[in-house]
Visitor: 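Dropping the structure in here first, questions after.
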Amino acid sequence: MPALRVRFAPSPTGNLHIGGARTALYNWLMARGGDGTLVLRIEDTDRERSTPQNVEQILDALRWLELDFDEGPISQVSRSDRHQDVLRRLLEDGHAYRSTATADDVRAFKDEHGADRGFRGEDEAQGAVRLRVPDEGATVVHDIIRGDTTFQHVHLDDPVIARADGTVLYNFAVAIDDLDSEITHVVRGEDHLSNTPKQVLVLEALGVQPPLYAHLPLLHGPDGKKLSKRHGAASVQELRDAGYLPAAVRNYLALLGWGADDDATILSTEQLVAQFDITRVQRNPARFDEQKLRWLNGRYMRELSLDELTRLLEEHTGRTGLADAVAISHEKIQTLADFWPLAGFIFDGPSDDAAAREKWLDVDGLGALGEARTALEHVDPWTVEGIEAALRGVIESRHAKPKDVFQPVRVAVAGTTVSPGIFETLSVLGREETLRRLDAALPRA
RNA sequence: GCCGCCAUCGUCUAGGGGACUAGGACGCCGCCCUCUCACGGCGGAAACCGGGGUUCGAAUCCCCGUGGCGGUACCA
């Protein structure tokens, strides 16, 4: 039994999308759970898109997700000498040939022959390099999620494996790189399934065994369409900006296409590593549901200590001295990004919600506010309990409903109808600032 | 067009011939808690794509249809 070796091989086209992130996670879980090795390879044969910045974005996303790798990153381009060697060998032994046939030529051929025959070119000693597909038989892809898939050779065209200028193409480079990295399990998106026989054929031409495959179901947006920016946070970068926690993202992503034996929903990374089983992965595509991620993230946020949450929020907002405000907001936010809209008024002053003022700072509201101001002035010491007692006293003397006093006060200090608990908020604000804000909301005497 | 993959509540899933009056989670609805928003608690509505088989028995196996998705590049 050879050691488990898996790989994550993104092409650096920009942000790491959540589909790619899940592929990385599944590979990582397999490696970590099975004493395996995870190899990172950058598929950078498309020179246009493979900029150093794009590569750095991928690495950055993996770092944020806290998914480490054991070997690499290996640049596919850096292996071109090896690719050329193999290419030459296939050309020499007749498994590949040069042909000037174009995509249009192949299309014309297909139009004529339909599904009866795959395109087979003539060896013209020049042009692009095509791999010779046997006329008879079939290539079977062994997939540990989907079982065996058979591709009849008559349906396969001889694939181009290198351009006329000699540079190799994806389906060739992948096969060689996986071979040289001694990858035992190729775990990747289902969009690669149809091209897998080309890779298997390359390996068979070299007389070596292909690895086992595991093609993961694709991830779609809430509308079932391909995931994109318009679906909200679709990349790791956006997830981070939206204030999600890496552990929550890992948990959620793991559940997109896989479920634990006991159908548990909240699984720590340790539990994921211990329980993840690639053979239990779903075969049908999953939709990315940000609402569930939000809920899950909220659960993780509430597990955090105040110190840790404060640290993360100060990092996220770029502000300091948030500890008290965090303490009274802890239960009310689901993402790091939720904090400032809820509690930012404590630092930046009341927000300006005209509808809220109109509704709660009417004649009655201002009356309650005036009494509240007087009552609060004498609170000593300035504690949550003292503040509550004072405000409840106002309710009693006015024979009012609680909200008829609390909401005007809230609108006066926060500028809007939503905030952390009112007593806690005033406590954090301090007597001076509280009275200042109440006075500002009251008509001049 | 051709080749291929897929198909359980709105969503993620459990289920791998009888344990299914189909279970859990998010979301939704109602109630409770309550100073707003949340949190928490309780309860509810909500699914086996359709049609044929196989079988004593099918959500589970097979076939067809339908639908979704992917591939079909001298992209990755």
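Basis for what follows: all heavy atoms, side chains included, without hydrogens, waters or symmetry-related copies. Here the structure is a predicted model, which means the values were calculated and not measured. In what follows, chains are A, B, ... by sequence order, proteins preceding strands, each numbered from 1.
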Visitor: So, does A/Thr45 get its side chain near the phosphate of B/rA76, meaning an N or O under 4.0 Å from OP1 or OP2?
Guide: yes
Visitor: Scan A/Leu256 against the nucleic acid and name what it touches under 4.0 Å (heavy atoms): base, sugar-phosphate only, or nothing.
Guide: sugar-phosphate
Visitor: Is there a Watson-Crick or G-U wobble partner for B/rG17 with both distances under 3.5 Å, and if so, which one is it?
Guide: none
Visitor: Taking the side chain of A/Arg280 as its heavy atoms from C-beta onward, which of B/rA76, B/rA73, B/rG15 lies nearest to it?
Guide: B/rG15
Visitor: Roughly how many Å is it from CZ in A/Phe345 to C1' in B/rC37, rounded to a whole number?
Guide: 11 Å
Visitor: Side-chain N or O of A/Arg287 less than 4.0 angstrom from OP1 or OP2 on B/rG10?
Guide: no
Visitor: Give me the one residue out of A/Asp177, A/Asp178, A/Asp44 that meets salt bridge (charged side-chain N to carboxylate O under 4.0 Å, His left out) with A/Arg79.
Guide: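 Going through A/Asp177, A/Asp178, A/Asp44 one by one, the salt bridge (charged side-chain N to carboxylate O under 4.0 Å, His left out) with A/Arg79 is satisfied by A/Asp177 alone.
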Visitor: Work out how far the C1' atom of B/rG40 is from that of B/rA7, and round it to whole angstrom.
Guide: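 These two C1' atoms come out 37 Å apart once rounded.
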Visitor: Applying a 3.5 Å limit to both distances, which nucleotide forms a Watson-Crick or G-U wobble pair with B/rC9?
Guide: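 None - no nucleotide pairs with B/rC9, as no candidate has both distances under 3.5 Å.
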Visitor: Which nucleotide in the set B/rC39, B/rC35, B/rC6 lies at the smallest distance from any side-chain heavy atom of A/Pro285?
Guide: B/rC6
Visitor: Out of B/rU36, B/rC35, B/rU72, which has the shortest distance to the side chain of A/Val418?
Guide: B/rU36
Visitor: When the C1' atoms of B/rC42 and B/rG4 are compared, how many Å lie between them, rounded to an integer?
Guide: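 Looking at atom C1' only, B/rG4 and B/rC42 are 49 Å apart.
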Visitor: Let's see if you can work this out: which of B/rG70, B/rU72, B/rA38 has an atom nearest to the side-chain heavy atoms of A/Lys198?
Guide: B/rU72
Visitor: In whole Å, I'd like the distance from the CG atom of A/Leu426 to the P atom of B/rU36.
Guide: 15 Å
Visitor: Measure centre to centre between the rings of A/Phe109 and A/His113, then say whether the value is under 6.0 Å.
Guide: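 Yes.
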Visitor: Atom NE2 of A/His17 to atom P of B/rA76: distance rounded to whole Å?
Guide: 19 Å
Visitor: Please work out if A/Asn171 contacts a base, only the sugar-phosphate, or nothing of the nucleic acid, heavy-atom cut-off 4.0 Å.
Guide: base
Visitor: Of the nucleotides B/rC75, B/rC39, B/rG71, which has the atom closest to the A/Arg163 side chain?
Guide: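 My answer, after comparing the listed nucleotides, is B/rC75.
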Visitor: Looking just at side-chain N and O atoms, do A/Arg98 and A/Gln126 make a donor-acceptor pair shorter than 3.5 Å?
Guide: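 There is no such pair (donor and acceptor under 3.5 Å, judged by atom type) between the side chains of A/Arg98 and A/Gln126.
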Visitor: Determine which nucleotide pairs with B/rU72, using a 3.5 Å limit on both distances of a Watson-Crick or G-U wobble pair.
Guide: B/rG1
Visitor: Return the nearest nucleotide to the side chain of A/Leu169; candidates are B/rG71, B/rC12, B/rC75.
Guide: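 Selected nucleotide: B/rC75.
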Visitor: Pick the P atom in B/rG71 and in B/rG65, then give their distance to the nearest Å.
Guide: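 Between the two P atoms, the distance is 23 Å.
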Visitor: Please check the phosphate of B/rC69 (OP1 and OP2 only) for any side-chain N or O of A/Asn284 closer than 4.0 Å.
Guide: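 No, because none of the side-chain N or O atoms of A/Asn284 sits under 4.0 Å from OP1 or OP2 of B/rC69.
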Visitor: Does A/Phe423 have its ring centroid less than 6.0 Å away from the ring centroid of A/Phe406?
Guide: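 Yes, they do, as the ring centres are separated by less than 6.0 Å.
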Visitor: A/Ala286 side chain: which of B/rA76, B/rC12, B/rC35 is closest?
Guide: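 Nearest to the side-chain atoms of A/Ala286, counting from C-beta on, is B/rC12.
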Visitor: Between B/rC2 atom P and A/Asp116 atom CG, what is the distance in whole Å?
Guide: 11 Å
Visitor: For atom C1', what is the distance between B/rU66 and B/rG44, given to the nearest Å?
Guide: 34 Å
Visitor: Check the phosphate of B/rC2 against A/Arg117, side-chain N and O only, distance under 4.0 Å to OP1 or OP2. Yes or no?
Guide: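 No, outside the criterion.
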Visitor: On a whole-Å scale, what distance lies between the C1' atoms belonging to B/rA14 and B/rC20?
Guide: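 B/rA14 and B/rC20 have their C1' atoms separated by 12 Å.
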Visitor: Between B/rC6, B/rC74, B/rG70, which nucleotide has the shortest distance from any of its atoms to the side chain of A/Ser194?
Guide: B/rG70
Visitor: With rounding to the closest Å, how many angstrom separate the C1' atoms on B/rC48 and B/rG15?
Guide: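 Between the two C1' atoms, the distance is 10 Å.
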Visitor: Of all the nucleotides listed (B/rG71, B/rA38, B/rA76), which has the minimum atom distance to the side chain of A/Lys332?
Guide: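 Shortest atom-to-atom distance from the side chain points to B/rA38.
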Visitor: Just by distance, with hydrogens left out, do A/His215 and A/Thr196 show a side-chain donor and acceptor under 3.5 Å apart?
Guide: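 Side chains of A/His215 and A/Thr196: pair found under 3.5 Å.
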Visitor: Between A/Arg283 and A/Ser99, which is nearer to the 5' end of RNA chain B once each is assigned its nearest nucleotide?
Guide: A/Arg283
Visitor: Rounded to the nearest angstrom, tell me the gap between atom CZ in A/Arg107 and atom C1' in B/rC74.
Guide: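 In whole Å, B/rC74 C1' lies 16 Å from A/Arg107 CZ.
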Visitor: Pairing check on B/rC61: which nucleotide meets the Watson-Crick or G-U wobble criteria with it, both distances under 3.5 Å?
Guide: B/rG53
Visitor: From the options B/rC26, B/rA76, B/rC5, select the nucleotide whose nearest atom is closest to the side chain of A/Lys292.
Guide: B/rC26
Visitor: Using the rule side chain to side chain contact (heavy atoms under 4.5 Å, CB included), only one of A/Asn195, A/Val140, A/Thr139 pairs with A/Val200; which is it?
Guide: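 Single side chain to side chain contact (heavy atoms under 4.5 Å, CB included) partner of A/Val200 among A/Asn195, A/Val140, A/Thr139: A/Thr139.
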Visitor: What's the gap between B/rU21 and B/rC63 when it is taken at their C1' atoms, as a whole Å value?
Guide: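 The answer is 31 Å between these two C1' atoms.
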Visitor: Quick one: is B/rA14 close enough that its OP1 or OP2 comes under 4.0 Å of any side-chain N or O from A/Gln282?
Guide: yes
Visitor: What is the distance from CG of A/Leu293 to P of B/rC26, rounded to the nearest Å?
Guide: 14 Å
Visitor: Determine whether the side chains of A/Gln282 and A/Asn284 contain a donor N or O and an acceptor N or O closer than 3.5 Å.
Guide: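 Present: a donor and an acceptor within the cut-off.
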Visitor: Should the pair A/Trp258 and A/Phe276 be assigned to parallel (<30°), tilted (30 to 60°) or perpendicular (>60°) ring geometry?
Guide: tilted
Visitor: For A/Asp338 and A/Thr335, does a side-chain donor sit closer than 3.5 Å to a side-chain acceptor?
Guide: yes
Visitor: Would you say the side chain of A/Arg410 and the base of B/rC35 hold a donor-acceptor pair, judged only by whether the two atoms sit under 3.5 Å apart?
Guide: yes
Visitor: Just how far, in rounded Å, is P of B/rA73 from CG of A/Asp105?
Guide: 12 Å
Visitor: Between B/rG4 and A/Thr149, counting only base atoms on the nucleotide and side-chain atoms on the residue, is there a donor-acceptor pair under 3.5 Å?
Guide: no
Visitor: For nucleotides B/rC35 and B/rC28, find the distance between their P atoms and express it as a whole number of Å.
Guide: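 Roughly 23 Å separates the two P atoms.
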Visitor: Rounded to whole Å, how long is the line connecting atom CD of A/Glu190 with atom C1' of B/rG68?
Guide: 11 Å
Visitor: Looking at B/rC42, which nucleotide sits across from it as a Watson-Crick or G-U wobble partner, both distances under 3.5 angstrom, or is there none?
Guide: B/rG30
Visitor: Start at the 5' end of RNA chain B and walk down; is the nucleotide closest to A/Thr150 or to A/Glu331 reached first?
Guide: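 Nearest-nucleotide comparison on RNA chain B picks A/Thr150.
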